[in-house]
Asks: 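Take this structure, written in structure tokens, and hold onto it; I'll ask about it next.
Computed from a prediction, not measured in an experiment: that's the story for all the values here.
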Amino acid sequence: MWQPALRYPDPAVEILDPRFAPYVLFNAAVERLATGFRWAEGPVWFGDQRTLLWSDLPNDRVMRWDEATGASSVFRQPSRFANGHTRDRQGRLLSCEHGERRVTRTEYDGRLTVILDRFDGKRLNSPNDIVVKTDDSIWFTDPPFGILAHHEGGKADAELPTNIYRVDGQTGVATVVSADVARPNGLCFSPDEKRLYVVESGASPRRIRVFDLADDGRRLVNDRVFVQCGAHSAPDGFRCDVDGNLWAGWGMGEGHDGVRVFAPDATPIGHIALPERCANLCFGGVARNRLFMAASQSLYALYVNTQGAPGG
């Protein structure tokens, strides 16, 4: 049974490299905000509402946690087996739906607009994670996880490779920016948008790849391995802080589960231990200094001495 730390500093927050020390708050501990889910994914912060949304994927619902009351409730059910979420630059919710095999936008009045569900006339696999660039373009990964079984979507045959897509913010035209990542999962831009990090879930063991953005900001170049994971370490989703450090959902068993933090040079500098494997995370709160972690059956949070990169 998990128990919060009874004294400060919280031993769950581990400094692996001196560069992580400035980000640790002495009197901040890991908090469990909610539990009782089947597989928590895709948190996204809505500061204007002081709420966090995240997916309870196998239960086909999107949950909502209210900062003012600490209460959790159902935001949307059915969610069409929504997985990853983000907000666009106009503050609207973007969602990756396994069930309908599409990316949608929730308009201000609650209507859903389909951003993309087909490419070259073929159905997408099961869009997984999503980010938005400052030029309003939408980037997302499309692995097959939602069509492998009737647990996080519906079992079906893949019609397309496991691509990474870009949808132009002005024209809505979709292009494949990478077809070479095996089962791409989480993705994240560096704060200056000169790099794109991607989890390669189809590699064994998993690895994090990084691309540079071409001068036009529309294409990926200079593909390379950023982190080669070990047999008991697996990233899922991540976000960057304002200094370019990568905070990654992590885990493959006791002692490894939680969040692993990497400096821009790929050195692991910190670890936040959780009792459950962490899938995905985001920064939130008034100052974007609260890390929200969707981990298996629970939602956790930790105040840190940095801020999430804008738009993350």
Side-chain angles (χ1 to χ4, degrees), residues 19 23 42-47 84-96 103 105 115-116 127-142 163-181 184-200 207-227 235-249 259 261-267 269 280-284 287-289 291-292 304 306-312:
R19 285 176 286 179
Y23 302 120
V44 57
W45 175 252
F46 279 74
H85 305 278
T86 194
R87 298 182 79 176
D88 67 12
R89 298 291 165 159
Q90 291 72 45
R92 297 167 295 189
L93 177 67
L94 295 174
S95 303
C96 294
V103 173
R105 181 177 64 230
I115 301 299
L116 194 71
N128 186 281
D129 202 3
I130 185 167
V131 290
V132 179
K133 203 163 171 280
T134 51
D135 63 0
D136 290 325
S137 58
I138 298 168
W139 302 60
F140 69 93
T141 56
D142 189 35
N163 297 323
I164 303 172
Y165 294 93
R166 176 189 183 273
V167 180
D168 191 89
Q170 281 68 52
T171 67
V173 173
T175 55
V176 173
V177 292
S178 177
D180 300 323
V181 179
N185 197 328
L187 77 170
C188 173
F189 284 111
S190 60
D192 59 8
E193 296 185 337
K194 293 183 178 180
R195 285 180 167 187
L196 180 73
Y197 300 96
V198 181
V199 170
E200 186 170 27
R207 57 188 183 179
I208 301 173
R209 289 165 68 167
V210 61
F211 299 82
D212 293 328
L213 273 289
D215 291 341
D216 62 6
R218 297 167 175 260
R219 295 173 294 113
L220 300 179
V221 296
N222 195 21
D223 174 20
R224 58 207 183 274
V225 174
F226 182 70
V227 172
D236 192 329
F238 34 52
R239 289 293 182 262
C240 278
D241 64 25
V242 291
D243 295 324
N245 301 300
L246 189 69
W247 300 63
V259 173
V261 186
F262 296 91
D265 64 4
T267 302
I269 60 173
N280 226 312
L281 51 83
C282 74
F283 289 91
R288 298 198 316 277
N289 67 331
L291 184 69
F292 293 98
V304 293
T306 186
Q307 295 176 297

Asks: Would you say Leu281 and Leu291 make side-chain contact, with heavy atoms under 4.5 Å?
Replies: yes
Asks: With the side chain counted from C-beta on, respond yes when Ser178 and Asn163 share a heavy-atom pair under 4.5 Å apart, and no when they do not.
Replies: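 No, too far: nothing below the 4.5 Å cut-off.
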Asks: Would you please name every residue forming a side-chain contact (heavy atoms from CB on, under 4.5 Å) with Gln170, sequence neighbours left out?
Replies: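 Listed in chain order: Asp136, Asp168.
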Asks: What's the separation between atom CG in Leu94 and atom CG in Asp88, rounded to the nearest 0.5 Å?
Replies: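 Reported to 0.5 Å precision, the distance equals 5.0 Å.
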Asks: Can you name the closest pair of heavy atoms from Gly244 and Cys240 and give their distance?
Replies: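 It is O-SG, 4.2 Å.
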Asks: Could you tell me which residues satisfy side chain to side chain donor-acceptor pair (under 3.5 Å) with Ser137, sequence neighbours excluded, listed by chain and number?
Replies: Asp135, Trp139
Asks: side-chain hydrogen bond (donor to acceptor under 3.5 Å, both in side chains) for Thr267 and Asp265? Distances and angles first, verdict last.
Replies: CA-CA 6 Å; Thr267 302; Asp265 64 4; 3.0 Å; yes
Asks: In chain order, what residues pass the side-chain contact (heavy atoms from CB on, under 4.5 Å) check against Asn245, with sequence neighbours excluded?
Replies: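 Asn245: side-chain contact (heavy atoms from CB on, under 4.5 Å) contacts with Tyr23, Asp241, Asp243, Trp247, Val261, Ala263, Pro264, Ile269.
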Asks: For the atom pair CZ (Arg105) and CG (Leu116), what is the distance rounded to the nearest 0.5 Å?
Replies: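 Interatomic distance, Arg105 CZ to Leu116 CG, rounded to 0.5 Å: 12.5 Å.
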Asks: What closest approach, in Å, do Gly84 and Asp129 show between heavy atoms, and which atom pair accounts for it?
Replies: CA-OD1, 4.3 Å
Asks: Answer yes or no: is there a side-chain heavy-atom contact under 4.5 Å between Ile164 and Val198?
Replies: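 SC-SC contact between Ile164 and Val198 confirmed.
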Asks: Please check if atom CG in Asp192 has more than 12 non-hydrogen atoms from other residues, nucleotides or ligands closer than 6.0 Å.
Replies: yes
Asks: Of the non-hydrogen atoms in Pro184 and Thr141, which two are nearest, and what is the gap between them?
Replies: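 That closest heavy-atom pairing would be O-CB, 3.5 Å.
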Asks: Please report the closest heavy-atom contact between Asp236 and Val199, naming both atoms and the distance.
Replies: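 Closest approach of Asp236 to Val199: O-CG2, 3.3 Å.
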Asks: Just verifying a value: how many Å separate Phe292 CZ and Asn280 CG, rounded to the nearest 0.5 Å?
Replies: 14.0 Å
Asks: Excluding sequence neighbours, so at least two apart, what forms ring-ring contact (aromatic ring centres under 6.0 Å, His included) with Tyr165?
Replies: Phe119, Phe140
Asks: Apply salt bridge (Lys or Arg N to Asp or Glu O under 4.0 Å) to Arg239 and list each qualifying residue two or more places apart in sequence or on a separate chain.
Replies: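 Applying salt bridge (Lys or Arg N to Asp or Glu O under 4.0 Å) to Arg239 gives none.
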Asks: Please name all residues satisfying side chain to side chain donor-acceptor pair (under 3.5 Å) with Arg195, sequence neighbours left out, ordered by chain then number.
Replies: Tyr197
Asks: Strictly distance-based, threshold 3.5 Å: is any side-chain N or O of Glu200 a donor or acceptor partner for the main-chain N or O of Arg209?
Replies: no
Asks: With sequence neighbours excluded, tell me which residues meet side chain to side chain donor-acceptor pair (under 3.5 Å) with Ser95.
Replies: His85
Asks: Apply salt bridge (Lys or Arg N to Asp or Glu O under 4.0 Å) to Arg87 and list each qualifying residue two or more places apart in sequence or on a separate chain.
Replies: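 Partners of Arg87 under the salt bridge (Lys or Arg N to Asp or Glu O under 4.0 Å) test: Asp48.
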Asks: Under the side-chain contact (heavy atoms from CB on, under 4.5 Å) rule, collect the residues that match up with Asn222, sequence neighbours excluded.
Replies: Asp212, Arg224
Asks: Could you tell me whether the side chain of Asp142 reaches within less than 4.5 Å of the side chain of Asn128, counting heavy atoms only?
Replies: no
Asks: List the steps, then state whether side-chain contact (heavy atoms from CB on, under 4.5 Å) holds for Leu93 with Phe46.
Replies: CA-CA 9 Å; Leu93 177 67; Phe46 279 74; 3.9 Å; yes
Asks: Who pairs with Arg89 by salt bridge (Lys or Arg N to Asp or Glu O under 4.0 Å), at least two apart in sequence or on another chain?
Replies: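 Salt bridge (Lys or Arg N to Asp or Glu O under 4.0 Å) check on Arg89 returns Glu193.
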Asks: Please step through side-chain contact (heavy atoms from CB on, under 4.5 Å) for the pair Val132 and Phe189, ending with a clear verdict.
Replies: CA-CA 9 Å; Val132 179; Phe189 284 111; over 6 Å; no
Asks: Would you sort out whether Leu213 and Leu220 count as a side-chain contact (heavy atoms from CB on, under 4.5 Å), showing the intermediate values?
Replies: CA-CA 5 Å; Leu213 273 289; Leu220 300 179; 4.1 Å; yes
Asks: With sequence neighbours excluded, what pairs up with Arg219 under the salt bridge (Lys or Arg N to Asp or Glu O under 4.0 Å) test?
Replies: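 Checked Arg219 against salt bridge (Lys or Arg N to Asp or Glu O under 4.0 Å); matches are Asp216.
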Asks: Would you call Phe226 and Phe262 a side-chain contact if the rule is heavy atoms closer than 4.5 Å?
Replies: yes
Asks: For Trp45, enumerate each residue passing the side chain to side chain donor-acceptor pair (under 3.5 Å) test, keeping only those at least two apart in sequence or located in another chain.
Replies: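 Trp45 satisfies side chain to side chain donor-acceptor pair (under 3.5 Å) with no residue once adjacent residues are dropped.
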Asks: How long is the gap from CG on Leu246 to CZ on Phe238, to the nearest 0.5 Å?
Replies: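 Answer rounded to 0.5 Å: 5.0 Å.
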Asks: Is Ile138 close to Ile115 at the side-chain level, that is, under 4.5 Å between some pair of heavy atoms?
Replies: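 They are in contact (side-chain heavy atoms under 4.5 Å apart), so the answer is yes.
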